[in-house]
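Reminder, nothing fancy here: chain letters follow the sequence lines and each chain counts from 1. Worth knowing before you read on, the calculation uses all heavy atoms, side chains too, and leaves out hydrogens, waters and symmetry mates.
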Amino acid sequence: MSPRAKTALEPAKTNPDFIRNFCIIAHIDHGKSTLADRMLQLTGVVDDRSMRAQYLDRMDIERERGITIKSQAVRMPWEFENQTYALNMIDTPGHVDFTYEVSRSLAACEGAVLLVDAAQGIEAQTLANLYLAMENDLMIIPVLNKIDLPAAQPEKYAEELANLIGGNPEDCLRVSGKTGMGVDALLDKIVQMVPKPVGDPNAPARAMIFDSVYDSYRGVVTYVRMIDGSLSNREKITMMSTKAVHDLLEIGVSSPEPEPTKGLGVGEVGYLITGVKDVRQSKVGDTVTTSMKPATVALKGYAEPKPMVFSGLYPIDGSDYPNLREALDKLKLSDASLVYEPETSVALGFGFRCGFLGLLHLEIITERLEREFNLDLIATAPSVVYEVTLDDKKEVTVTNPSEYPVGKISKVLEPMVRATILSPKDYVGAIMELCQGRRGVMLDMQYFGTDRVQLRYDMPLAEIVFDFFDQLKSKTQGYASLDYEENGLAEGDLVKVDILLQGEQVDAFSAIVHKDKAYAYGVMMTGKLRELIPRQQFEVPIQAAIGARIIARESIRAMRKDVLAKCYGGDISRKRKLLEKQKEGKKRMKMVGRVEVPQEAFIAALSSDKEKKGEKKGK
Amino acid sequence: MAQFPKGELAPSDGLLPEQAKLNAEQRTFHAYIHVPFCKARCGYCDFNTYTAQEIGSSSQSSFARDLVSEIDLSRQVLEDSGVVGRSLSTVFFGGGTPTLLPAEDLIEMLQKLRSVFGVEADADITTEANPDSVDEVYLLKLKEAGFTRVSIGMQSAVTKVLAVLERTHNPDNVARSVQAAKTVGLFTSVDLIYGTPTETIEDWVETLQQAISLDTDHISAYSLIVEPGTKLARQIKVGEVEMPDEDLHAQMYEVADELLTKAGFVNYEVSNWSRSVETRSKHNVAYWKSMDWWGFGPGAHSHIGGVRWWNVKNPAAYTDRLRASLSPALERELVDQANQDIERVMLETRLAEGIDLAWLKSKGFGTQEVISNLIASEVIDGGAVFQGVVKLTKKGRLLADYVVRELLG
Ligand SMILES: Nc1nc2c(ncn2[C@@H]2O[C@H](COP(=O)(O)OP(=O)(O)OP(=O)(O)O)[C@@H](O)[C@H]2O)c(=O)[nH]1
Ligand SMILES: C[S@@+](CC[C@H](N)C(=O)[O-])C[C@H]1O[C@@H](n2cnc3c(N)ncnc32)[C@H](O)[C@@H]1O
Ligand code: SF4
Ligand SMILES: [Mg+2]
């Protein structure tokens with residue numbers, strides 16, 4: 001199919017009347033990136049030869065996992081009723097950990113395509129993202145996707161969507177990102193429905209930074225949406241929050257490859273390059289203006305995403321510590337939401353306590369550190385942030401369970417979330433049981449159509465962090481979807497459980513848990529360690545304790561045999577090599593008191609692999 | 001089949017590097033002859049051995065002739081490499097099953113060694129034997145040709161255990177062959193295996209008692225090793241059989257040591273017991289003392305002055321090389337001084353006479369702290385340390401590899 005618009009509108013000179021800024025939002029996997037692919041092709045910005053699936057998912061990790069992590073903005077030409085338009089499309093991630101990416105993207109748009117998988121229907125993140133879009137006053141275009149699927153039920157879900165956002169079921173467009181069916185009609189509809197951007201072309205320039213990415217070739221690339229005035233090449237610009245002045249080395253639009261332009265005008269979306277090397281100097285949410293004619297009032301920025309989940313990252317090879325620091329510094333350049341500070345663990349040595357937006361974020365950062373920087377890491381069990389008040393009124397913030405204060409504690413506050421679960425109604429009982437077991441308090445229950453139910457719960461974040469998603473999926477045969485948002489702090493009846501090896505506390509295994517779950521944690525952890533730690537020359541008791549009180553115990557019997565029976569002439573070289581290997585292995589042992597614990601035991605004890613799989617790909 | 005270690009390629013003329021000849025006059029010289037044939041392969045075995053079905057029987061009939069040409073080659077190589085000529089202190093025929101060959105073939109090879117190198121008057125000359133494959137006539141021939149000792153693969157006295165091991169020999173033949181060997185005047189030894197799947201402690205005691213009642217001069221008892229690539233390894237992997245746990249192995253070792261000691265045997269190496277110093281396996285002791293030996297035959301390993309090499313494994317390839325006047329050596333490894341020291345600790349620690357503490361210290365092994373910890377955990381003999389020797393205790397014998405690692409630091 002040849003693109004409809006023969007020539008694109010020239011950036012910097014585009015009349016805002018002919019600009020349409022929109023994003024595609026949806027639950028994870030409902031097909032945003034695939035729909036974006038068809039738009040790229042149909043508008044001709046990517047030719048058929050260069051096309052590949054989920055074109056905008058550029059990071060290796062995105063491609064491997066088939067999910068979008070970073071939003072991507074693209075300028076595309078489109079002709080409607082003999083008028084050429086410039087469409088700025090932003091593909092967003094669907095996973096709950098990256099909701100902040102969606103919020104930022106929304107602020108750069110006037111409209112949102114709300115995409116719903118016609119075989120799945122409305123899911124938890126559909127609702128969450130719809131809510132965000134409405135809060136931002138965006139024009140919502142409901143679209144049913146994947147209508148090529150035999151299991152698609154467009155009538156049913158059009159009805160549900162209409163009930164949700166108003167309007168008629170017939171207004172709901174039906175497309176297939178896979179076959180391209182209905183996508184041209186959708187683009188036409190975007191032109192018709194999405195309001196044009198409004199701004200004062202003659203006012204001092206104000207551009208909102210909605211993304212900032214480090215690129216090893218180009219330095220920091222800052223993505224902006226022009227609100228008022230214009231920016232042009234070679235100008236001096238000012239960051240309004242810091243008053244820092246930079247030279248504008250390059251300005252342009254992504255189409256989807258970077259295309260330098262003379263400038264950007266009102267309503268346009270594009271990128272800036274100033275030569276800065278650190279994304280913190282070009283912060284998301286900041287306002288860019290010109291140094292010559294600076295604006296006086298900055299745009300309303302975004303709330304910075306707060307880390308929700310903490311974990312200690314340690315190099316398996318202690319000598320990699322400086323490399324880990326360097327790697328974190330580098331990742332931080334393109335991921336401002338990553339926070340970390342040095343910490344030491346008796347068991348694991350030197351490492352960093354890192355804050356993440358959620359479990360998937362943790363997993364992705366760890367994987368990138370391992371892959372892109374060639375590090376072998378151990379991550380301690382994820383933990384949330386506790387606010388502890390001591391009897392003497394002193395307050396302590398705890399991000400690492402082993403730093404939980406000992407002594408008289410008057411109050412512990414833990415972070416809460418409001419969780420929304422959508423599921424076929426048959427599983428309601430199982431979900432309620434699960435949530436109750438996780439200290440959830442039900443707020444309400446609401447039907448969508450005849451067979452889907454939405455349950456809302458207030459729940460401690462810590463309960464979600466610990467394999468909740470996996471459990472939810474397995475109890476509902478994969479049908480339930482989950483979304484959650486922060487919901488303040490609440491007092492909890494919490495205790496710290498320590499794990500002791502031969503009387504020595506292993507800091508990496510300490511956990512803060514609800515009083516009623518302490519015993520179960522103790523039994524689980526001591527049992528796991530008994531399996532994982534090899535026998536030593538002496539008996540090793542393993543205990544779980546709350547303070548001085550032992551709540552569970554196991555023991556590893558002393559090793560009785562460590563000798564190869566035969567050693568003939570031909571065995572000698574082999575045996576020496578085996579010895580060398582064992583010596584190497586010993587180097588990878590961590591000493592806890594006199595007990596040699598293999599790294600693998602720490603890794604295995606700290607990872608609950610079920611949990612990881614579940615988070616990778618939500619349905 | 002046993003994986004060979006990775007080494008550099010050996011030269012086609014077999015010539016040895018400089019280090020081989022150094023101080024050779026201070027080391028004794030030994031010959032090992034590998035006969036790579038068996039009637040059937042036992043499930044646990046990863047030795048370099050073949051059945052007639054696998055390679056045909058012709059290779060067996062021409063085996064002695066080819067091996068004899070390696071003996072000629074070895075003499076040439078040693079001479080050309082400047083290694084002093086020494087007569088042989090021990091000769092050992094192992095396998096495989098050397099006694100599958102006619103006694104005349106074994107004798108031919110021994111005679112060749114005699115004529116080429118000379119064999120010392122008091123030399124130990126041993127062959128391994130399968131209980132089914134020897135009788136008095138056969139053994140008498142060996143005895144008359146100068147053999148002194150026969151080592152019989154008994155493994156177990158319990159039918160069920162033999163079945164799991166896939167040993168095909170008739171258990172009654174063990175006593176018969178030992179008796180025959182004694183009658184003709186050979187020293188005798190039996191090899192036992194314990195810790196076989198399904199084997200109980202009672203089964204093992206039964207085996208020990210029967211072995212003791214044979215009244216041999218020597219007994220070896222090995223805990224079953226699951227070698228990668230064997231049928232046994234596969235059976236364990238798929239859950240067909242289950243290996244007994246380490247504690248049972250340890251208990252079986254302790255029982256063996258107890259019963260054998262009571263019967264008058266003295267332990268002299270982790271897995272070996274002998275009635276007297278004279279009846280020890282002098283050939284194996286030479287391995288553990290890093291002496292020089294030439295291993296003849298397919299896949300055989302040799303060691304001369306820190307040079308270790310090994311022959312091609314396949315009997316046909318072995319023959320082809322020799323017939324083309326090429327060395328059958330496949331790869332070799334030059335063990336440097338530091339690694340020779342490590343090997344010495346690894347091997348001599350296993351011996352009852354122990355290892356010299358002053359030597360260990362001079363090499364930086366066995367720091368004060370390590371030695372005192374080893375004494376405290378009762379794996380080495382505290383009294384012996386004051387005599388300047390590091391010696392394993394009975395508990396320590398079961399933890400010998402651990403002690404070695406600790407000593408090496
Ligand atoms: N049959 C069919 N499959 C589709 C269609 N659109 C997308 N898919 C498939 O659905 C899966 C998810 O598609 P993506 O485009 O990656 O979904 P997404 O919404 O971008 O996912 P996230 O970015 O992770 O939230 C892929 O396997 C696509 O091939 C469609 O119209 N029809
Ligand atoms: C060189 S082997 C072969 C001798 C002879 N072919 C036989 O099987 O009787 C000598 C001894 O090593 C022991 N052995 C062989 N394989 C073993 C294994 N996998 N684990 C423990 N001992 C083993 C057996 O006791 C065997 O008798
Ligand atoms: S008889 Fe000995 S060498 Fe032959 S297969 Fe059995 S164990 Fe291996
Ligand atoms: Mg996507």
Side-chain angles (χ1 to χ4, degrees), chain A residues 318-319 501-504 527-542 554-601, chain B residues 2-7 30 32 34 47-48 92 94 193-195 220-225 246-247 249-251 253-254 269-271 283-284 286-288 290 293 295 299-303 308 310 333 335 339 342-343 346-347 350 373 377 379 395 397-405 408-409:
Chain A
S319 66
L501 269 188
Q502 252 214 342
E504 298 256 352
K528 224 173 179 182
L529 289 174
R530 193 183 69 119
E531 294 302 316
L532 291 168
I533 298 175
R535 295 166 72 168
Q536 316 271 316
Q537 304 310 313
F538 39 84
E539 177 167 330
V540 180
I542 311 171
E554 287 278 359
S555 92
I556 305 170
R557 283 172 303 157
M559 159 142 68
R560 287 184 60 194
K561 176 170 177 268
D562 182 1
V563 60
L564 269 184
K566 55 188 182 79
C567 190
Y568 294 126
D571 299 328
I572 295 171
S573 294
R574 252 212 293 177
K575 198 162 156 43
R576 198 187 71 237
K577 298 212 162 118
L578 185 71
L579 193 68
E580 278 161 21
K581 243 177 64 194
Q582 288 172 335
K583 267 166 62 182
E584 273 309 302
K586 201 171 154 181
K587 277 198 212 135
R588 284 169 67 95
M589 297 274 187
K590 298 270 179 182
M591 298 299 292
V592 176
R594 284 169 64 212
V595 184
E596 288 178 359
V597 184
Q599 296 279 10
E600 294 70 31
Chain B
Q3 283 302 299
F4 276 0
K6 208 75 212 109
H30 308 258
Y32 171 73
H34 188 75
F47 287 104
N48 186 41
F92 195 100
I193 290 183
Y194 59 90
S220 303
Y222 304 108
S223 76
L224 181 63
I225 303 171
E246 160 190 320
D247 288 348
H249 269 246
Q251 199 190 340
Y253 181 84
E254 282 162 4
E269 191 265 357
V270 171
S271 305
H283 184 81
N284 284 340
Y287 289 158
W288 301 324
S290 308
W293 74 86
H301 284 241
S302 303
H303 171 258
R308 295 191 184 281
W310 42 95
E333 185 187 35
V335 186
N339 277 317
I342 289 173
E343 286 182 353
M346 185 178 96
L347 296 168
R350 296 171 68 94
N373 279 339
S377 48
V379 290
K395 176 179 169 194
R397 277 190 250 147
L398 273 167
L399 296 166
D401 289 355
Y402 161 74
V403 173
V404 167
R405 288 196 302 274
L408 293 177

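Expressed to the nearest 0.5 Å, how far CG of A:Asp571 lies from CG of B:Leu347 amounts to 10.0 Å. Distance check: A:Gln537 CD to B:Asn373 CG gives 10.5 Å after rounding to the nearest 0.5 Å. To the nearest 0.5 Å, the span separating CG on A:Asp562 from CZ on A:Arg535 amounts to 11.0 Å.
Most heavy-atom pairs under 4.5 Å with chain A: of the set B:Lys395, B:Arg405, B:His303, this distinction falls to B:Arg405. The candidate from B:Tyr32, B:Trp288, B:Tyr222, B:Tyr253 with the greatest count of non-hydrogen atom pairs under 4.5 Å with chain A is B:Tyr222. Chain A forms more heavy-atom pairs under 4.5 Å with one residue of B:Asn339, B:Val270, B:Ile342, B:Leu224 than with any other, namely B:Asn339.
A:Arg560 pairs by the side-chain hydrogen bond (donor to acceptor under 3.5 Å, both in side chains) definition with B:Glu254, not counting sequence neighbours.
With a 4.5 Å cut-off on non-hydrogen atoms, B:Arg397 touches chain A through its backbone but not through its side chain. Interface residue B:Ile225: only side-chain heavy atoms are found under 4.5 Å from chain A. Residue B:Val335 touches chain A through its side chain alone, counting heavy-atom pairs closer than 4.5 Å. Residue A:Leu579 touches chain B through its side chain alone, counting heavy-atom pairs closer than 4.5 Å. Contacts between B:Asn284 and chain A at a heavy-atom distance below 4.5 Å involve the side chain alone, from C-beta outward. In this structure, chain A has heavy atoms under 4.5 Å from both the backbone and the side chain of B:Ser223. For B:Val379, no part lies under 4.5 angstrom from a heavy atom of chain A. Looking at A:Phe538, neither its backbone nor its side chain comes within 4.5 Å of chain B, counting heavy atoms on both sides.
With A:Ser573 as the partner, the side chain to side chain donor-acceptor pair (under 3.5 Å) test is satisfied by one option alone out of B:Glu333, B:His301, B:Glu343: B:Glu333.
Considering every non-hydrogen atom in both B:Gly195 and B:His249, the closest pair reads O-NE2, 3.4 Å.
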Quiz item: Do B:Met346 and A:Ile572 pass the side-chain contact (heavy atoms from CB on, under 4.5 Å) test, and can you show the C-alpha distance, the side-chain angles, and the key distance before you say yes or no?
Solution: CA-CA 9 Å; B:Met346 185 178 96; A:Ile572 295 171; 3.8 Å; yes

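Side-chain N/O atoms of B:Tyr287 and B:His283 include a donor and acceptor closer than 3.5 Å.
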